[in-house]
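Here is the structure we will look at.
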Amino acid sequence: MTRLFKPLQSLVLAVGMAFLAIPLLAGAEVPRPDIPQANARYSEAQGCVEPTEEMRKNHMEYILHQRDETMRQGVRTKQYSLEECINCHVPKPESGKIVRSDSKEHFCSSCHSYAAVKIDCFSCHRDTPMPDAEPGMHRLGGGKGHHFTETETELTADVLRAATEEGLQ
Amino acid sequence: MSEHVDTSRRRFIGGTAGAAAGMSIAPGVFLNQVAQAKPADQPVTSENRWGMLIDTNKCGDGCDACVRGCMEENGWGDINDSEPHSAPEQKAQWIRIVELRDTRTGYAHQLPLMCQHCKHPPCVDVCPTGASMKRADGIVLVDKHICIGCRYCMMACPYKARSFIHEDLQDQLVVAPRGKGTVESCTLCVHRVDRDGADAVPACAEACAAEGHDAFVFGDLNDPNSEISRQLALHGGTEIRADLGLDLGVRYRGI
Amino acid sequence: MKKTIHFREVTNNGTGYWGLIGILGLIVAIGLGATYYMEHHGHYVTGMNNQIVWGIPHVFAVFLIVAASGALNVASIGSVFGKAPYKPLAPLSGLLAVTLLIGGLAILVLDLGRPDRLIVAMTYYNFKSIFAWNIILYNGFIAIVAVYLWMLMDPSKKQYSSTVGFFAFLWRLILTTGTGSIFGFIVARQAYDAAIMAPLFVVMSFSFGLAIYLLVLMAGMKWTGRPLGDALLRRLKNLLGVFVGGVLYFVLAYHLTNLYATEHHGYEHFLLLGGGIYTQLFWIGQILIGSLIPLAMLYHPGLGRSRTAIGWACALVILGGLTQMYTIIIGGQAYPLVLFPGMEVSSSFYDGVVAEYSPALPEFLLGIGGFGIALIAVALAVKVLPFMPQTLEDAVADPHHGGATDAAAGKAA
């Protein structure tokens, strides 16, 4: 048995030391991420759908919860939907400039690449707003009231959906 | 709010080229049947079971409007240049036109074939992780969040309704997330169903109606007053491979 | 008179041993490289498609998984059926069972569309899925055989080895039943949806597992300069013959049943007569090269005594086994689904036509890499732990050999 463990021990030790050395070599040099500004506010008081600190820490919990409810139960509220995250935090694709999820200019990646946490959303979900997307939140500085309170008369499908939702909120 | 729903219903009736209105259903009954679409924050329930009836006699020879409608709605297929690297045998097809010819009589016709939204789906039985799933309202979906890409569901599906994505995708449509290494199939336009409830018209049906063929009827199989239930009660319908006893959500007439 | 058999680690340290490790390591590395290539680009670089969804990797993977449970048989014959000559063969049998299974599972996992989500496969279970059961059966098998090996190899635990061995034997039968049922439970396809798939796979496992075991045993004993008795080898090769015959019998029963039912005539005609490559693989690969020729070699009065011939017979059984997996897995998918009986069908999605499949090189490399993983694990394990007996000469291992040998081997089957 000892014959097995001696080479194993030294191997484990060597690998461990190699990993320990990584932060020493590289850690100090990583600049703080430059997180892009969202293009709308949730309300006058609050930037995001929950307080910013809460979102920074726990956004994945909200997204995960919404993910399963939408996927399995057809719950399609917008407050925590990934679609609205993207609509608000990622610029619309323009000719010549598309901010993709592999770029540090992409809201999600700006921080995820800093934290070295892999995002498993964008292999299936689009990483930019649809060209015709209308954020569910009002535009930054638009001065209008709360989330989903627009009362425009044009009954596009989106607004109709939002209105249905609002009736129950 | 009821004002909004009324509007949407009018839009629906108009959009389906008056077909629904032309049915011999008393307007009052029709109104009753149009329960409001499910509120967005409410889960779907087994009170509904969504299904489709496809009248292959109305299916136009050589017409593939339903297929194109599905492509446009969900972002797959050549018209979207989806999966440019994949060989034709590797590309996804959510719905396809199958041409049939009776070997004895020579009688030939065609029909659209897609996920049949079984009540007892083999794909759901075999899926190791539960990614292949059936919602309470009978719509069979792939939860790509936990799909590991084992393709056992594709082996198990009697209708060859599922496709595997063989390469990285980009710019998927919001209503139809799809990506490399996972399996996908017809969703019965679940995003429309969640929005419009019994008024929903899946993209295939919409495209068919726009073409003037009107071969599709979408509706609630659990509601005896729904148009689909009435038509089935009146004329019957066939399930493909009914011998398997899977109780399909998609029924045909004229096979 | 009675000598005890001692087990010893392999002490080879020359170019032979390290050369073997090097070659196997290279095979594993190439397999992993092929995986990286396939996973990086996506499966479009393989020959697999929406018709043939399981390809060459699955042929190798299922073969190895089936062979793994069969490799344990040698130990079971000793522990469960109390055949003394098989007892010294048990540790290597258990070791091979575990490594073959790991090799097969590695292929299966690396071919997933999302191998990065292995943790999902381990944490989300759909208990109606035979696949999910198999995940439990495979992991349980590795654990049970590990305990079994401990009981076998720790002299102070020897008395538990037959109890644990019995449990391991039951588990492996359930496991292979599960593997066969992956196909047996598929209601949709003409080639599957048959209860006989489960016992067929069990007998296949006996045959493939023993063939691999015999080759590894012969090579291992020879390369380490340890004697291997003729009588013992004769027992094992006769047993292999019985198993190969058993597989033939189940294949015959499967096809006869299908041939009786008109519903299945299309598929039978496809596989047995008009299926091109599949027909050739069935008759020439599986039946002739994989079954009849090795049977003749094993039972031929002259060839049956030649170790070279026995080795070749084992190799042919393995080759035939891979071919059989190919005809079952690929052939079963290539034959189109019958959705509209009595109708000619066609579509853009290849309805009604036999599916095309040209496997790509990386698929083979991944599959062979699985073999590499299994074998390198054996080669390393026998060096660090005493899996192999110092001698298997007949006077020690099989003192009662002679005329009764063949009958005993037959009975053990």
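Labels below follow one simple rule: chain letters A, B, ... track the order of the sequence lines, proteins then strands, and each chain is numbered from 1. These numbers were taken from a predicted model, which means no experiment stands behind them.
- Contact of B/Val124 with chain C is made through the backbone alone, with heavy-atom distances under 4.5 Å.
- Residue B/Ile165 does not touch chain C at all, counting heavy-atom pairs closer than 4.5 Å.
- Close placement of the C/Phe201 and C/Phe183 rings is indicated, their centers lying within 6.0 Å of each other.
- Neither the backbone nor the side chain of C/Asp116 has a heavy atom closer than 4.5 Å to any heavy atom of chain B.
- Using a 4.5 Å cut-off between heavy atoms, C/Ile52 makes no contact with chain B at all.
- Between chain C and the options B/Cys150, B/Ala108, B/Ala87, heavy-atom pairs under 4.5 Å are most frequent for B/Cys150.
- Heavy-atom distances place the backbone of C/Glu39, and not its side chain, under 4.5 Å from chain B.
- Only the backbone of C/Val338 comes within less than 4.5 Å of a heavy atom of chain B; no side-chain atom from C-beta onward does.
- Note on ring orientation: taking the six-membered ring where Trp is involved, the planes of B/His85 and C/Tyr44 are parallel (angle under 30°, cut-offs 30° and 60°).
- The aromatic rings of C/His40 and C/Tyr36 lie parallel to each other, their planes meeting at an angle below 30°, with 60° marking the opposite boundary.
- In this structure, chain C has heavy atoms under 4.5 Å from both the backbone and the side chain of B/Ile146.
- Contact of C/Met38 with chain B is not made at all, since no heavy-atom distance falls under 4.5 Å.
- Distance check: C/Leu105 CG to C/Asn139 CG gives 7.5 Å after rounding to the nearest 0.5 Å.
- Of all the listed residues (B/Met154, B/Glu83, B/Lys160, B/Gln110), the one sharing the greatest number of non-hydrogen pairs under 4.5 Å with chain C is B/Lys160.
- Aromatic ring pairs are classed by plane angle as parallel below 30°, tilted from 30° to 60° and perpendicular above 60°; the pair C/Phe270 and C/Tyr278 is tilted.
- In this structure, chain B has heavy atoms under 4.5 Å from both the backbone and the side chain of C/Leu339.
- B/Leu111 touches chain C through its side chain: at least one heavy atom from C-beta onward sits under 4.5 Å away, while N, CA, C and O do not.
- Using a 4.5 Å cut-off between heavy atoms, C/Phe127 does not touch chain B at all.
- With a 4.5 Å cut-off on non-hydrogen atoms, B/Tyr159 touches chain C through its backbone and its side chain both.
- A cation-pi arrangement, defined by a distance under 6.0 Å to the six-membered ring centre and an angle within 45 degrees of its axis, is absent between B/Arg96 and C/Phe349.
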Is there a side chain to side chain donor-acceptor pair (under 3.5 Å) between C/Ser205 and C/Arg172 once you walk through the steps?
-> CA-CA 10 Å; C/Ser205 81; C/Arg172 66 132 310 220; 2.6 Å; yes
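- Within the 4.5 angstrom heavy-atom criterion, only side-chain atoms of B/Leu244, from C-beta onward, approach chain C.
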